[in-house]
Structure formats: C-alpha cells, structure tokens
Protein chains: 2
Amino acid sequence: MQSETIENYLKTIYHISGGNASIVNNKQLADKLGVIPATVTEAVKKLHELKLVIYEKSYGTRLTAAGSKMALSIVRRHRIWETYLEKELGFGWDEVHEIAEELEHIKNDKLIKKLSEKLGHPNFDPHGDPIPDEKGKIQKSNFIKLSEARPKKNYKIMGVTDHSSAFLKYLEKHQLIIGASLSIKTIEQFDHSIVLFCKNKEVSISPKATECIIVQEA
Amino acid sequence: MQSETIENYLKTIYHISGGNASIVNNKQLADKLGVIPATVTEAVKKLHELKLVIYEKSYGTRLTAAGSKMALSIVRRHRIWETYLEKELGFGWDEVHEIAEELEHIKNDKLIKKLSEKLGHPNFDPHGDPIPDEKGKIQKSNFIKLSEARPKKNYKIMGVTDHSSAFLKYLEKHQLIIGASLSIKTIEQFDHSIVLFCKNKEVSISPKATECIIVQEA
DNA sequence: TTATTAATTTTGGCTTACCAAAAAATTAAT
DNA sequence: ATTAATTTTTTGGTAAGCCAAAATTAATAA
Ligand SMILES: [Mn+2]
Ligand SMILES: [Mn+2]
Ligand SMILES: [Mn+2]
Ligand SMILES: [Mn+2]
C-alpha cells in the first residue's frame, strides 16, 4: 500500500471517529474519501494486516495505538502547513486547506520541526483546530459549537468545522472571523437559527452554519 | 499516467538532454530513474501519446515544446523550493535537494509565486543552478566547469553539478562554497587533477571533483 | 564483413488502487 | 416476524507502473 493512500485513510478514520479511536464504518469512509464501499473494505483489510487499525468484518474499523500515532502525525503536518501558509506566506484561511492536503504527505521531520519553530510552535491552525505536538498530544479546550451556545451569554469564535472556501468567505463577509467576540440575542425555537450581535451588527445564522462555528464562553 | 511519474520523466529527459531538447536514450533514462529500460520504453510511448515528447523507436526521445515547458516549470519549482529551504528555513545546501524532490510535485502556481516573491525572485539556487522564470526563461551565464579552467587565472565558484550530500560536505570541508574565490596553481597533465589556492590554502582536487564544480572567471 | 557486445523492444506477469455488479449480512420499518 | 432498505462483502475486471526473460535491433570490434 502506498504511503499517501495509507495516510489519507488513517487521517479520515481519525477525523470521523472524532479523535477517540471509536468505530468507523465503511460508508462514512467511502463518502469522505470519494471511493465506493467495496474499495474501503479492501483497504481496511490491508490496514488491519499492517496493524494500523482493527477491522471487524461487517462491523467497523478503529485505529490501533500505532494507527492513531500516525494519524496524529499527519494531522500535525497538515495543520502546521496551514498555519505556515497563512502566517508566513500570506494565504487566506480559505485557501490553505487544499494546499496542505498535498503538503501533509511530505515526510521530513526536520522540515515540520523548522516550520513549527518559525511559527513559535503554534497550538491552533487558522481554522481554530488544535495542532498535536511532536508526541501527538492535543491541547484540551472547552470549545463548544455555536449551536450549543446559550442566549444572553458572550462568546469568542475559536474555530470552524467546515473548511470550504464558500463557508469561510461567508463568515468573513459577516466579520465572523477567529477571535471575534459575539453575544447571543435569541435562539429561534422552531428552526434553531441564532440571532447574534457581532461588531455591533445583528446577524441571523442558520442552524447549518451554527453547527460549523466553534466558540468558547467569554 | 500519474502526474508525478510524468513529471519525473520529463524532468529527467530535460536534465539528460542538457536543456536543449536533444535526443535522450532509454538506457540513460532508466539509470537516472532507477527503472529498467523496458519500463522506459513503455513510458516514453505514453509520453509520446500525450504529445510531451517525440519518441522514435530504437532511436531516442526528445521533448516537444509542451514537454519542455512542463519540464522547465518542474525545474523552477524544484529550485525555488531548494532556495526557500536554505534561505528561509535554514537547511544546509546538502539537505535541500532530497526534500525539494518531493515538494516540486505540489502544483499550485500561487504557492511558487509567493515563495519566489519572499526570496526576492532569485535567479540561482543553492547549488548555483539557474532558476527558470514563470515563462521558463533561463538566465544565460558564462560559467564553465573547473576542469576547463586555465592555470594562473582567478575564478569564483558559482555552482556544482553533483548534489549528493557526500560531495557537498567534502566541498564545505575545504571551504569550496558558492561565492568563494580561487586561483589555479597548476594542472597535472597526467591525471588532470588541479591544485588551487582558496582561502590561502592549497588544495588538490581530483578530476572527478573538478568536473562537478562550476566557476566563472573573475 | 562477420562476430560480439550493447541497447531496445516484446511478451508475460505482478501489485496497487480503484470500480461495477451481484450476493450476503445487517438494520430499520411495517 | 416479515418485508424493505441499507450497508457490507465478494467476485470479476481495469489501468498504471513496474520487473524478468526472451527476442530483436543497432553499434562496435575483430
Ligand atoms: Mn491528503
Ligand atoms: Mn485546518
Ligand atoms: Mn521528483
Ligand atoms: Mn539544486
């Protein structure tokens, strides 16, 4: 199995399982990876052989300790590159994901070390996602989704879970960028859309969007 | 044919042909690419189909205009990355080639543009090799191999043609780095080894090494 | 000009990573 | 408890990129 393929599988398993090595099924993997489930079946069998996952037939797949370690290292590379592209090379936060998707596969520990160093060892990428350290440790946080926020309270935007250019541009338009402060005015009970104040303007955010914005109570 | 494979073939054809689209044979390609000639035969047939080379059976292969353009763009990416790794990230000139060998395949014009910009649009890489511009144009120079230098004259080291870590470390040991001035003391007629002065020290350089050092008359 | 050597191509085969379609198993709905 | 829908696996097949060995062609030496 080619290294880049392995890495994309491990990373995707990691992301779907939410970082806690919980079980992932073929359909989800197939969808995220853009292949059909039959292809996933073959792949996870091989990853099992490599002892990077535990694959139980007709049930699902989860990362082993070794697989988890590899996944974390790929996630680290991805997020370091995203941060570097934004901070050092002046790319927009909506542009970096796609490029990092390729750069993440360049395996040279010294390279990542130098990039991280130059950035002052950042803990979060431009989307607010935590960057695992060399050992794979991720900084804990009390972030919640905006959809879980309570009325009247104040929050700070810490990240996003949708990295698409369309979504990020939409956020920028409303000045809903990382670090911005906001307060919840009301939450519509019938459709869960949220009306909030940000930069002295009132904005109504759809439930789909509130699911993709990560905040921290201020 | 996968893009990375195509790129490595085109780049290698370009290098062997010395940049003038002259004919290249299978054996040379096979050696440089680390495959057997049979594999090259198959590959050049496909590249011919793609109109990137002209392949004439049992005779040889040369780049078309399109192939040449692609090759130049890969060479540009490679050398920009090498320069960036050395100048911005502090890698040694003996370390950058290997990493650039991977980075060169990331195709994002804006990325290369930003790197080049940050470096002030350099014309030469850490080994003294010219960096083609966005249009593929290469700066002309009057560089010669040290093996072609004349006694008594003074020269400046402009580059190397062997990028191996072993060779570059050997040069550093004798302070024969890019930009260094030297004068030729004598040239041994029987084996063509060269005795030269550099940094007030006399060094004898083997013919194999003089073939790999590029100089300019001072 | 033969004979020998070297380079090239052909043929047959392998592995990886994918897909399509059919079969089997699981899960959800009635 | 059946039926229907969904997910998963199996089976058969493809294209890319490689190799080994045999056959061909070209180049070199005798
Ligand atoms: Mn990837
Ligand atoms: Mn990110
Ligand atoms: Mn390469
Ligand atoms: Mn170079």
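The sequence lines fix the lettering, A, B, ..., with proteins before strands; numbering per chain opens at 1.
Take B/H121 and apply the ring pair (Phe, Tyr, Trp, His ring centres under 6.0 Å) test, not counting sequence neighbours, and it matches no residue. Listed by chain and number, the residues in a side chain to side chain donor-acceptor pair (under 3.5 Å) with A/Q28 amount to none (sequence neighbours excluded). Applying the salt bridge (charged side-chain N to carboxylate O under 4.0 Å, His left out) criterion to B/K113, with sequence neighbours excluded, gives no partner residue.
Here A/R150 does not pair with A/E217 in a salt bridge; the nearest charged N to carboxylate O distance is not below 4.0 Å. Ionic pairing of A/K110 and B/E95 is present here: one or more N-O contacts between side-chain nitrogen and carboxylate oxygen are shorter than 4.0 angstrom. Using a 4.0 Å cut-off between a side-chain N of Lys or Arg and a carboxylate O of Asp or Glu, B/E82 and B/R77 do not qualify as a salt bridge. One finds a salt bridge joining A/E101 and A/K11 here, because a Lys/Arg side-chain nitrogen approaches an Asp/Glu carboxylate oxygen to under 4.0 Å.
The residue B/T5 sits close only to the backbone: its heavy atoms come under 4.0 Å of sugar-phosphate atoms, none of a base.
Per the geometry, NZ belonging to B/K46 stands 6 Å off C1' belonging to D/dG17, to the nearest Å. Atom CD in B/E49 sits roughly 14 Å away from atom P in D/dG17 (whole-Å rounding).
Of the residues in residues 51-58 of chain B, those placing a heavy atom less than 4.0 Å from an atom of DNA chain C are B/Y55, B/K57, B/S58, in numerical order.
For residues 33-45 of chain B, the set of pairs meeting the salt bridge (charged side-chain N to carboxylate O under 4.0 Å, His left out) definition, not counting sequence neighbours, is empty. The list of salt bridge (charged side-chain N to carboxylate O under 4.0 Å, His left out) pairs with a residue in residues 128-145 of chain A, not counting sequence neighbours, reads A/R76-A/E134, A/K145-A/E211. Residue pairs meeting the ring pair (Phe, Tyr, Trp, His ring centres under 6.0 Å) criterion with at least one member in residues 2-43 of chain A: none, sequence neighbours excluded. For the ring pair (Phe, Tyr, Trp, His ring centres under 6.0 Å) condition, the pairs that include at least one residue of residues 124-146 of chain B, sequence neighbours left out, are B/F124-B/F143, B/H127-B/H163. Residue pairs meeting the ring pair (Phe, Tyr, Trp, His ring centres under 6.0 Å) criterion with at least one partner in residues 34-78 of chain A, sequence neighbours excluded, are A/H78-A/H97.
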Every protein N/O lying under 3.5 Å from an N/O of nucleotides 19-21 of chain D:
{"residue": "D/dC19", "atom": "OP2", "partner": "B/I36", "partner atom": "N", "Å": "3.1"}
{"residue": "D/dC19", "atom": "OP2", "partner": "B/T39", "partner atom": "OG1", "Å": "2.7"}

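With a 3.5 Å limit on both pairing distances and Watson-Crick or G-U wobble geometry required, the stems of 3 or more pairs in DNA chain C span C:1-30 with D:1-30.
Here chain B contacts DNA chain C (any atom closer than 4.0 Å to a heavy atom, that is under 4.0 Å), and the contacts span C/dA7 to C/dT10 from 5' to 3'.
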Applying side chain to side chain contact (heavy atoms under 4.5 Å, CB included), run through B/D125 and B/E86 and close with a yes or a no. CA-CA 9 Å; B/D125 82 1; B/E86 202 223 28; over 6 Å; no
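Of the candidate nucleotides D/dT10, D/dT8, D/dC18, D/dT8 has the atom lying nearest to any side-chain atom of A/N26.
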